[in-house]
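This report refers to the structure that appears directly beneath it.
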Amino acid sequence: MASGNAIRGSRVGAGPMGEAERGESAPRSRISFWCANKHETRPSFAAEAVIPETWDCPRCGFPAGQDEDNPPAPSRNEPYKTHLAYVRERRTDADGEAILAEALAKLRGEI
Ligand SMILES: [Zn+2]
């Protein structure tokens, strides 16, 4: 597996020295996460970091978990990313409107 990565990793100028430097400055551990599409992502965490239960798959946007055989279920009927981005936008807008409305109400009450 990962023949493509092997080719990429052997490219001249990839900087093995830079990697060694980074590895020495802070001990890091790589944790594997798998999404429902079986994509593996291995973010690295500082030794003292709290490892999250899920990680957003960088390839498809699904939540990924540490159990390869039992990845977190993605939102139903949602291809990827758009749903989450949409919800986040909506939520932010709604919060902003609520705060604005409250501020206006207070203002009007005081005048
Ligand atoms: Zn994925």
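Source: prediction; values computed, not measured.
For residues 43-53, the set of pairs meeting the side chain to side chain donor-acceptor pair (under 3.5 Å) definition, not counting sequence neighbours, comprises R28-S44.
Scanning both residues, A36 and P74, for their nearest heavy atoms gives CB-CD, 3.8 Å. Here the shortest heavy-atom pairing between C60 and C35 reads SG-SG, 3.7 Å. Considering every non-hydrogen atom in both E68 and K38, the closest pair reads O-NZ, 3.3 Å. Of all heavy-atom pairs between W34 and Q66, the closest is CZ3-O, 3.2 Å. When all heavy atoms of E40 and R59 are compared, the pair lying nearest together is O-NH2, 3.6 Å.
For R42, the side-chain hydrogen bond (donor to acceptor under 3.5 Å, both in side chains) partners are S32, not counting sequence neighbours. Take D67 and apply the side chain to side chain contact (heavy atoms under 4.5 Å, CB included) test, not counting sequence neighbours, and it matches D69, N70. The salt bridge (Lys or Arg N to Asp or Glu O under 4.0 Å) search around E97 returns none, not counting sequence neighbours. With sequence neighbours left out, the side chain to side chain contact (heavy atoms under 4.5 Å, CB included) criterion links L104 to L100, R108.
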Show the numbers, then the answer: is there a side-chain contact (heavy atoms from CB on, under 4.5 Å) between C57 and T41? CA-CA 7 Å; C57 174; T41 182; 5.5 Å; no

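The closest side-chain heavy-atom distance from R30 to P43 is not below 4.5 Å.
Using a 4.5 Å cut-off between side-chain heavy atoms of Ile, Leu, Val, Met, Phe, Trp and Tyr, F45 falls into a hydrophobic cluster with I31, F33, I51, W55.
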